[in-house]
There are 2 protein chains.
Amino acid sequence: MAIERYLTIGEVARRSGVAPSGLRYYETLGLISSERTTGNQRRYERTTLRRVAFIRTASRVGLTLEEIGDALATLPEGRTPTADDWTGLSRSWRPLLDARIAAIERLRDDLDSCIGCGCLSLERCVLQNPGDRAATLGPGARYLEGDSPSDAARAAGQDAT
Amino acid sequence: MAIERYLTIGEVARRSGVAPSGLRYYETLGLISSERTTGNQRRYERTTLRRVAFIRTASRVGLTLEEIGDALATLPEGRTPTADDWTGLSRSWRPLLDARIAAIERLRDDLDSCIGCGCLSLERCVLQNPGDRAATLGPGARYLEGDSPSDAARAAGQDAT
DNA sequence: GTGTAAGTTAAACCTCGCTTGAGGTCAAGA
DNA sequence: TCTTGACCTCAAGCGAGGTTTAACTTACAC
């Protein structure tokens, strides 16, 4: 049937919106793979575009590339993933997205209630005790997940006028 | 008036959940400030706790420390911020939070619709466009985030080179 | 008055998610 | 054939958001 047209790194870059350097980086992490021409240039299968789309999508939601790699590792080796393969994988992110939405909504509502009281105090303000640390949005904020629970408990219990 | 009890960096760290190193870092960025003892040790006003709470909260939502600094700069210099000061500041984050929630919801819903077909093309299903017509529509799924200028620039650069 | 926990600085180091640069090769059109 | 642009590798750099380390000094309880 149709010729299996391989894509150059530049083509994948243009179509996926990820720079060539980014694609090479993904490859070093094992997130994508490529064939090589006799001249050592990368050639990508078309399914790579879907794979990259998935990586970008998950990345935007705040997942680390390592987590994404773990998820991608569940796709079958040695054959082109079917729609069902992708469906299962997509579905697996759903609860995570829901959790993230819920967390940020809670944050907004809490902030809303703080507008009512003007407090932002550590004693009363729910903001100081986010129920869902995993709901952090950026790489930066995630560093704080290492905070010990005792820290949070102590902070919550202290007066902070 | 009650004695104005100043707090050591350790106390602020314990109560806020931010490590001393983090507090010093915030200070270098101008997000918080401190008095010094004759022995050069930092002493914080109690309002610093609120300030730090605000910084952490905003940071969790994905704002950069620079953006947070800009917001904090609107607080009055030279006097303890009142509840009203804080209220105004909190209110100013509301649209931002709403926007973030909307973005993630959209991501989730798009992903959801893809579960139906398993494509993950998000904009135009590749499975339904065997000729990869989606490729002609420009860089991939990035539109979901609202196409930041840097993304657009990078994509454009790719096309140009 | 002394031991030690807590504080100080500057600078180096860390993770993440890439980009940039140097130095060189490959592929395709005029 | 020549030229040009796209590609290669490897190493270093960036920016955000901090932490760690080294080499001290201070504060305070006993």
Side-chain angles (χ1 to χ4, degrees), chain A residues 6-32 34-44 52 55-70 133 136-148 151, chain B residues 5-32 34-44 52 55-70 142 145 148 150-151 153-161:
Chain A
Y6 285 88
L7 303 168
T8 66
I9 196 168
E11 287 167 334
V12 174
R14 275 188 296 278
R15 292 183 179 188
S16 68
V18 175
S21 58
L23 294 173
R24 292 191 196 99
Y25 179 62
Y26 287 168
E27 190 171 320
T28 68
L29 298 183
L31 297 183
I32 57 176
S34 57
E35 313 273 312
R36 296 297 180 116
T37 65
T38 53
N40 198 37
Q41 295 197 355
R42 287 171 179 81
R43 287 299 181 269
Y44 295 94
V52 173
I55 294 164
R56 295 300 307 134
T57 300
S59 181
R60 258 195 309 275
V61 180
L63 295 160
T64 67
L65 294 181
E66 194 179 350
E67 290 170 320
I68 296 166
D70 291 346
R133 283 167 183 278
T136 53
L137 280 182
R142 244 197 313 270
Y143 290 149
L144 286 145
E145 283 169 30
D147 285 352
S148 74
D151 276 349
Chain B
R5 244 275 273 138
Y6 286 89
L7 304 167
T8 67
I9 196 169
E11 286 167 334
V12 174
R14 274 188 299 278
R15 292 183 178 188
S16 68
V18 175
S21 59
L23 294 173
R24 292 193 193 98
Y25 179 61
Y26 287 168
E27 190 170 321
T28 68
L29 298 183
L31 298 181
I32 57 176
S34 57
E35 313 274 311
R36 296 298 180 117
T37 64
T38 54
N40 198 36
Q41 296 197 356
R42 287 172 180 81
R43 288 299 180 270
Y44 295 94
V52 173
I55 294 165
R56 293 305 308 129
T57 300
S59 182
R60 259 195 307 273
V61 180
L63 295 159
T64 67
L65 294 180
E66 196 180 347
E67 290 170 319
I68 296 165
D70 291 346
R142 323 208 104 219
E145 223 175 9
S148 78
S150 59
D151 282 347
R154 205 186 319 140
Q158 285 307 309
D159 278 327
T161 47

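Remember, predicted model here, so these are calculated numbers, not experimental data. Numbers restart at 1 for each chain; the letters A, B, ... are given by sequence-line order, proteins then strands.
- Across the protein-nucleic acid pair, Y6(A) atom OH and dA27(C) atom P stand 16 Å apart, rounded to whole Å.
- Between the CZ atom of R43(B) and the P atom of dA27(D) there is a distance of 7 Å, given to the nearest Å.
- Checked against side chain to side chain contact (heavy atoms under 4.5 Å, CB included), E67(B) has the following partners two or more places apart in sequence or in another chain: L63(B), T64(B).
- Between the CZ atom of R36(A) and the P atom of dC7(D) there is a distance of 12 Å, given to the nearest Å.
- Rounded to an integer number of Å, the gap from CG of L65(A) to C1' of dT15(C) is 12 Å.
- Map T37(B) and I9(A) each onto its nearest nucleotide of DNA chain D; the residue landing nearer the 5' end is I9(A).
- Taking 4.0 angstrom as the limit, R56(A) places a side-chain polar atom (N or O) nearer than this to OP1 or OP2 of dC18(C).
- Minimum heavy-atom separation, V52(B) to V18(B): CG1-CG2, 3.8 Å.
- Across all strands shown, S21(A) has heavy atoms under 4.0 Å from base atoms, whether or not it also approaches the sugar-phosphate.
- Relative to the side chain of N40(B), the nucleotides dA27(D), dT9(C), dC18(C) differ in distance, and dT9(C) lies closest.
- At whole-Å resolution of the value, CD in E27(B) and C1' in dG7(C) are 13 Å apart.
- Between T8(B) and dA6(C) there is no side-chain N or O to OP1 or OP2 distance below 4.0 Å.
- Computed from coordinates, the E11(B) CD to dA6(C) C1' distance equals 11 Å when rounded to whole Å.
- Side-chain nitrogen and oxygen atoms of R42(B) include at least one within less than 4.0 Å of the OP1 or OP2 phosphate oxygen of dT8(C).
- Comparing R24(B) and T38(A), the nucleotide of DNA chain C nearest to each residue sits closer to the 5' end for R24(B).
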Tabulated below should be each protein N or O lying under 3.5 Å from an N or O of nucleotides 22-25 of chain C; please produce it.
none

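- One interatomic measurement links the two molecules: CD of E66(B) to P of dG15(D), which rounds to 12 Å at whole-angstrom precision.
- Atoms CG and CD, on D70(B) and E66(B) in that order, are 6.0 Å from each other to the nearest 0.5 Å.
- Here T37(A) pairs with Q41(A), R43(A) under the side chain to side chain contact (heavy atoms under 4.5 Å, CB included) rule; sequence neighbours left out.
- Side chains of R15(B) and L7(B) form a contact here, defined as non-hydrogen atoms less than 4.5 Å apart.
- For the pair L23(B) CG and dG17(D) C1', the interatomic distance rounds to 13 Å; values are reported in whole Å.
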**Study point:** Test side chain to side chain contact (heavy atoms under 4.5 Å, CB included) applied to I68(A) and L29(A), step by step
**Key:** CA-CA 10 Å; I68(A) 296 166; L29(A) 298 183; over 6 Å; no

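- In the set dC18(C), dC8(D), dT19(D), the nucleotide with an atom closest to the side chain of S59(A) is dC18(C).
- Taking only side-chain nitrogens and oxygens, Y25(A) never comes nearer than 4.0 Å to OP1 or OP2 of dT19(C).
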Exercise for review: Evaluate side chain to side chain contact (heavy atoms under 4.5 Å, CB included) for E35(B) paired with R42(B), printing each intermediate quantity in order.
Suggested key: CA-CA 6 Å; E35(B) 313 274 311; R42(B) 287 172 180 81; over 6 Å; no

